[in-house]
Undergrad: 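Sharing a structure, written as structure tokens. Questions coming.
Within every chain, numbering begins at 1; the chains are lettered A, B, ... in the order of the sequence lines, protein sequences first and strands thereafter. As a basis for the values below, the full set of heavy atoms in this structure was taken, side chains included, without hydrogen atoms, waters or symmetry mates.
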Amino acid sequence: MTYCFVKKRGRTAKLLVLCSFLFMLPVLLQAQKNVPIKGTVVDEKGAPVAQVSIALKDSDRGTMTDSSGRFSIQVPDGKGTLVFSAVGFANAEKVLSEDHTVDVVLKQALSDLDEIVVVGYGTQRKRDVTGAISSISSKQIEERQPVNLFDALQGQAAGVLVVNDGGGAPGAEGSIQIRGASTLNGGNGPLYLVDGVINPDGARINPMDIERIEVLKDAASAAIYGARAANGVIIITTKKGKEGRARIDLNYSRIFGRLAHKLPQNNSAEVREFRRIQSANPTGGTGGNTDSLNPGFNADNDLQQLLLGNLGDRQQVNLGISGGQKGLSYYTGVNYLNDKSIILNSYIKRVQVRSNIEYQASPRLKYVSNVSMMYQTGNEVPVARTVVVAFDRPAFSLIYYPDGSLTSYVGSKRNPVANAIYETNKTDVFSIQFANSMQYKITKDLLFTTTFNAMLDNRQNLLFSPRYVSANKDQNTGANDMQKTFSWEYQSFFNYSKTFNSDHNLQAVLGVSADKRRFDRAHSEYANVVSEEIFITQPSYLTASKTYSDADLTAGANLFARANYSYKGRYTLAGIFRRDGSSRFGSESRYGNFYSASAGWRFSDEQFMYWAKDVLSDGRFRIGFGQVGNDRIGSNDYLNKITFNGSYAGVGGAYTTPTFGNETVHWETTQQQNAGLDLTFFRGRLTFTADYYVKTTKDLLYEKALPGETGFDNVKVNIGTLENRGLEFSAKGTPVLAKNSKGITWEIGGNISFEKSIIKKLGDGLPFIVANKWYIEEGGKIGNFFGWKNQGVYAWNESNAYSDNWDRLTVVLGGDGKPLYENGVPVYTFNGQRYTGAVHQLYDPGGKLRGGDVIWENINKDSLIDDRDRQILANAQPKFYLGILNNLNYGQFSLSFLVNASFGAHVYNALLAAQSYPSNTGAGSPEMVYNVWRKQGDIAKYPYYPEFKNRGNEKKDANSIFIEDASFIRLSSLRLSYMFLPSLTRKILLKGATVYVFGTNLLTWTNYRGYDPEFSATNVLQPGYDNGKYPKRREYGFGINVNF
Amino acid sequence: MKKLNYIIIIICIVAVGSGCKKFLDLSPQSEVAQNKFYKTLYDVNAAVAGMYSGFQQQMIGEAQYKERALFWGDYRSDNFDRFLSYTTITTTEVTMNALTTDNEFSDWSGLYTVIGRANANIKYIPGAAATDSRVTQAVIDKALAESYAMRAISYFYIVRVWGDAPIWTTPMESLSDSLEKPRVAASKVIDEQIIPDLTNAYSLVTKNQTASVWTLGEGAICAILADVYMWKHDYANAIVWIKNLFKAKGPTGALYAGVNGTNLQPQASWKNLFTVPNTSIESIWSIHWDFLKNDCACMTTSWTANNKPIAMDIDLYNNWVMPQTVAAPAPVDIRPKQTIDPYSASNDPTRSNRDRFIKWYASPANPTKASTATELATYYFKEAPVYFPMYRLADMYLLYAEALNATGDPSNALKYLNFVRVRAGLPAYVEGSAPVADQTGLADAILKERQLELVGEGKRWFDLVRTGNLVKIMDPILRRRQIAAGTPAGEAIGFSDPRRILWPVNRSVLNANKKLVQNPGYGG
């Protein structure tokens, strides 16, 4: 079948309006005789419980408690049963009596099986879910005091690898990878849905607005989002208002941060020593400029301290106002963030507003409107101009002139302090999104939802580098970049839910959606403007060759259906079908069909398990299979295109793009099999979940290199297979439970994920090297570093000696401490025995290796160290990672802390490599100063410096000496809070107040010698390369929450 | 009531769900589908410019230090050496004859990109006549002549740098074509591809017209043909095409004529050849550059913001440039001081500016002192274009001399050699006396003159290979460099493997085409 959206947007809009009017018709025909029922809901401690949903059994009527736990509901004739349910509490039922008042005490539920889980285009009870879904509640989020979603999610769910860059650059984000990389092409980030609306990324969501997060990990559950769900789905539900008096939540927090740790750097004396090492005569006079009269070379600056040693200061204010009246509820969240980084002149300021309004126009018709706006402005000092320069400029170079003004270049190294202060790199982001949704209850069992949402994202970056920081203080440059993205999406779907004979429950979804996205960019650059007060591009100073604009347009159209069947909650079955169309593919291969099926069996409900009921309260086995797709290639890669580029002798050029158009390129499909086990012990005191999955991506969208002789560089093809296998465990328990309000409660939750990803098949079976560092081959893993294995440095010229079998021989030293010669040949031993056989020596294409040269592992056992001696040195992906979350409650105090850890990953410490091998005016590293080979006989780590470019001694980016273990254990957050007793706060007209102190990135155990072993990679094929990242800070802060 | 609801729903779903198929049919927003191109005169002109632009980016570089014309034609020779302080693995490999298959300049794909554009032009440009009457036969012939000649010069580079090469004569149109083609013998590429393309171009080009120095006109086609025949050592045909060149008109409208020294750019304005080649009677084909459109022409031998990994070889610098810095040098040679800055800031020869090539700029030659910073800044800056000469008459005079000498006409050979020498300010060689007393001596003198006249113009390596002098000349130079790099004198290997005259084929090129075979002498 072919389906699609209407041709003109105008027509669509008219249709929508028409449809909505038609829906309202029956509303006007409704009429009821109602009796008001009122009451209060409190918990076991007597505190009112807000946000309890109250439903009249066997009807579609319902309401919520307000912040004082009060509610009111209209019940026909005042008869029936009310069902009370709330997150974290066991359900309660009350049969209505004559007095029309109901007061209920809800019991804390330890089991979360009755939680309502958002599964995409609908909800399910957790006990009925057959897929692998992790849920995170607002409580878990708030305990972390997160700045962004990455903070909020890290360590919280098994199978979700969150690499958090937060705490580094202001506004830095990170990356989320669910169950390993599933594609070689484009992003491996999940799909984000905020209140059912697709969002480009999760970074812009204020975590304080989040009510709950669901992570759909397996295809059986994610398949409902088909094409875009290849890397999993993160569903975010934001807070809604509840009927009742307005509730105001105010939260203020302030955090101070310092550079978590400093890296070793050469001081002035060490730089001079380094100069000596650099020169061919390492035993000669002290190197470097030691002119005692030249102040330019006689400072001793700690650049790391000057540049990165500032006090980070983050202030955050959150204001949430929510409430509602009959049929109307609202929630508005305002967030203000002012984050000053530890790096000079580096900051971000952000204001976010989200407004959710629900209007129950009639018992059948509900209208929901979500509007969110964000404005963000910030200045970022690029790493290339801070961290990298701070390690490259010698400590003895002057930073300030005696008159206090900043120096510029000294010894051809720029002054990073001057650059940080005088340069501008300002980004303003403005984004607005609105979503309008209408829900119409056609019958008791059938709900129709239609949603239209649109988003505008506007981003402007201003770059300016004034004359002051140029080499001769005479040149300035600037750039002005504007990006605009506008997208809209339309969705319409039916939800059907019915219980037959009280044992059979059927839920179904059927719907369509369509979306379109347009991106525009205008980029201009200029140079040598007259005034440095303004940052605009003027025609007289335009750098035409770097000025351009760009545009992109994509669209998608989709059909989806899902059915869930449950028999007594004991047997559950689910199936999903999705058909996706994408404009990225040619007309022949535009559509892809994706299926999924899953089943659950609650074996603890079977009679033969009744004996275990006392221990095993609930036990369930899940199994699922599903498919999802991926279309992330260029917008029109199926076409051969002409690009207008280049210019020759005054005529603009045109030629075909380097990517050959492939009409047959089609959907990449990820298939996933998942088996899971959910166990609940001791009525919820302990829960345990295990999942095993096999995730196979077929028809990998892959940029295949074409033979250059064709005139093209590459073509997008579907080729190859990638497989991820993984095992995830998560457990949650309450080892200590308070007997009364004075006791201690201790909750502990943890999760651990093992992942192994293998490239099963590559298109033509040929391995390839990515960016000269990573090796991609069949049977190999993504992130394999490729290069030469460093085995030390030859101490003597004579040390380059090998047996017939290429085993290294040991040089025998004479009485003078020098190699012993007999009959004009050096004496060697092998395995402690005198060696008398033929002595072989190793060569580089540039000559024979000698004392002070690096010893490389001779893989192919010939006399030459060349390309064929490269090997896989290490892998950049963690073997397993885990998170452990603890909550301790004692009276009004609560303490929570999160430990997360990652093991088995490796990082190429390119910053240390660059620091150790700078240009001849660079600062060098202490590592090099103290470990370099200087003369015959030295046992050293690094080769003779003046020869590092000869005989392959450097092996840039492929030298195993710079590969380090990036395993770490981190105490990533800790929070201690005190909630004032309600009796106390009421006296000052507050409903509640909490004060807390907290810290993030408090302790890290790692052997990694760079700033931090954890950082995200922009390209999935190029992980773990640390060429200087924004260092993270250690943070301590305090905050206060008050509710009115 | 319920019925009404269902009807409404069905209406809505049908309305929304049917619609058009076109919704997903979106055309590219920043490019144009190929089937909508090659329709008008504007398209034809842009396609031809796109082809030249590709060649320009290959030769001068799409970014700083990518001037392949020199990496292939000059930097491996005795003209240049690595600048030790700033050398990279790439430049060390090139200057130490230690090329590996990872060297970025061992990738021929860029030239094949130019060939692909020429192939597309040859196939599609004639079709544009059907949709635009301004695309006349003359327009088509000119575009085709340039495309054929461009294809030929690109293959000529490939053959000279790598030897055997796959041949593509049509644009790639389908993934089902056989995309992996084996290498064809170099001699066959020359005889069956390069020479027919050039003769074809010559037959299409309008003769005896004032030609643009930036494009491949009559003169350029003749010059390339002569160069190709010289490479084949087919001197008779080389002479034929040099004589055809003399019948063509240069960019000023004057015939190249080729009768005497005055057909060359005068001595006093020798620099004009590089700074304003379009005004020079000597120019045949130079590559255009426009800072506004093409950005900085940041070759290692031109202006650059960064330190240079390549500098003039110390022997050439000491033997040719430094003697000209004394008050009254004997003999005078006007070229070195206009080629490279012979003075350091402090006039200290040990702190020389061997990396500061000023050949491309109009800066004056100062007789006894370094150019001032202001003076340099006036001429030597980022925005200044580099008009790289591909062929010029002095080059052809010397090739002519080489051909005449090889075919037993030493007196005419000497005549053409002397035209170039005298223009440089040097005394003419006397026939029959040293060093031009015999055929070998004359050949060596011509080769030497080519080195000095054309230094930095991407000719020296090919000259050494063509004349068979490569190993002989490079061996001691490489030995010297190896020793300087720390190799004990007894272990310096010099040029080592003579098969390494050809470049290796880049590993990524080999990976992408399994039918290719690596050049002997290079592992992996």
Side-chain angles (χ1 to χ4, degrees), chain A residues 2-7 15 19 22-23 26 442-443 448 492 512 544-545 550-553 555 557 581 583 590 635-636 639-643 646-649 651-657 660 662 705-712 715 766 768 845-848 866-868 920 947 949-950 956, chain B residues 1-2 5 8-9 12 15-17 19-24 26 28-34 37 45-47 49-50 52-53 56 85 87 92 96 98 100 108-109 112-113 115-117 166 168 171-172 175 179-181 214 288 292-295 482 485-487 491 509 511-513 523-524:
Chain A
T2 310
Y3 60 93
C4 190
F5 208 58
V6 284
K7 195 177 279 175
L15 270 171
C19 289
L22 290 170
F23 278 123
I442 299 158
T443 70
F448 175 74
S492 246
V512 292
S545 58
D550 194 11
D552 187 57
L553 183 63
S583 69
R590 203 155 269 168
S635 299
N636 301 88
L639 271 178
N640 245 3
K641 291 162 293 188
I642 301 286
T643 176
S647 172
Y648 189 76
V651 185
Y655 45 79
T656 48
T657 55
F660 184 80
N662 177 7
L706 282 171
E709 301 89 67
T710 59
F712 291 90
V715 60
L766 278 177
F768 61 96
K848 188 164 86 184
D866 62 2
D867 290 353
R868 283 164 292 190
N920 62 348
E947 299 269 339
K949 281 185 172 156
N950 294 322
K956 197 174 182 199
Chain B
M1 179 61 223
K2 269 189 182 171
N5 282 333
I8 294 163
I9 290 157
C12 286
V16 167
C20 63
K21 282 186 176 180
K22 288 246 164 83
F23 180 68
L24 294 180
L26 304 175
Q29 302 295 301
S30 50
E31 286 125 0
V32 159
Q34 194 178 25
F37 193 68
N45 290 340
Y52 277 110
S53 153
Q56 173 202 44
S85 305
T87 191
T92 294
M96 302 293 280
T100 65
W108 65 28
S109 304
Y112 276 103
T113 302
I115 290 167
R117 291 179 196 171
W168 278 79
M172 172 185 170
L175 278 173
L179 303 178
E180 297 179 11
K181 298 193 182 186
W214 313 121
H288 188 264
L292 289 179
K293 301 285 168 61
N294 307 123
D295 207 352
Q482 286 155 1
T487 310
E491 290 175 18
V509 171
N511 281 348
N513 180 350

Undergrad: Within the distance-only criterion (no hydrogens, no angle test), does the side chain of D552(A) pair as donor or acceptor with the backbone N or O of S30(B) below 3.5 angstrom?
TA: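 No; judged by distance alone, with no hydrogens or angles, the pair does not exist.
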Undergrad: Which heavy atom of A557(A) sits nearest a heavy atom of L24(B), and at what distance?
TA: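 Looks like N-CD2, 3.9 Å.
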Undergrad: If you look at every heavy atom in P707(A) and N513(B), which pair is closest and at what distance?
TA: CB-CB, 4.0 Å
Undergrad: Counting only non-hydrogen atoms closer than 4.5 Å, does S635(A) touch chain B with its backbone (N, CA, C, O), its side chain (CB onward), both, or neither?
TA: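 Contact with chain B involves no heavy atom of S635(A) at all.
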Undergrad: Nearest 0.5 Å, what's the CD-CG distance between Q34(B) and N640(A)?
TA: 4.5 Å
Undergrad: Taking only residues two or more places apart in sequence, or in another chain, which ones meet F37(B) in a ring pair (Phe, Tyr, Trp, His ring centres under 6.0 Å)?
TA: F644(A)
Undergrad: Excluding sequence neighbours, so at least two apart, what forms side chain to side chain donor-acceptor pair (under 3.5 Å) with Y52(B)?
TA: E146(B)
Undergrad: Side chain, backbone, both or neither: which part of L639(A) has a heavy atom under 4.5 Å from chain B?
TA: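 Side chain only.
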Undergrad: For residues D866(A) and T100(B), determine if any side-chain heavy atom of one lies less than 4.5 Å from a side-chain heavy atom of the other.
TA: no
Undergrad: Does the side chain of T657(A) come within less than 4.5 Å of E31(B)'s, by heavy atoms?
TA: yes
Undergrad: What heavy-atom pair brings F660(A) and M172(B) nearest, and what distance separates the two atoms?
TA: CE1-O, 3.5 Å
Undergrad: Are I115(B) and E709(A) packed together at the side-chain level, in the sense that at least one heavy-atom pair is separated by less than 4.5 angstrom?
TA: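 No. Closest side-chain heavy atoms not under 4.5 Å.
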Undergrad: Nearest 0.5 Å, what's the CG-CD distance between N636(A) and Q29(B)?
TA: 8.0 Å
Undergrad: For G646(A) and S53(B), which heavy atoms make the closest approach, and how far apart are they?
TA: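 Shortest heavy-atom separation between G646(A) and S53(B) comes out as CA-OG, 3.5 Å.
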Undergrad: Can you name the nearest heavy-atom pair linking S647(A) to N294(B), along with the distance?
TA: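 Heavy atoms only, the tightest pair is O-ND2, 3.0 Å.
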Undergrad: Kindly say whether G116(B) contributes a backbone atom to a donor-acceptor pair with the side chain of Y655(A) at under 3.5 angstrom?
TA: no
Undergrad: If you compare all heavy atoms of A49(B) against all heavy atoms of G652(A), which two are closest, and at what distance to 0.1 Å?
TA: CB-O, 3.6 Å
Undergrad: Name the region of V651(A), side chain, backbone, both or neither, that has any atom closer than 4.5 Å to a heavy atom of chain B.
TA: both
Undergrad: Could you tell me which of S109(B), P166(B), P28(B), A33(B) has the largest number of non-hydrogen atom pairs under 4.5 Å with chain A?
TA: P28(B)
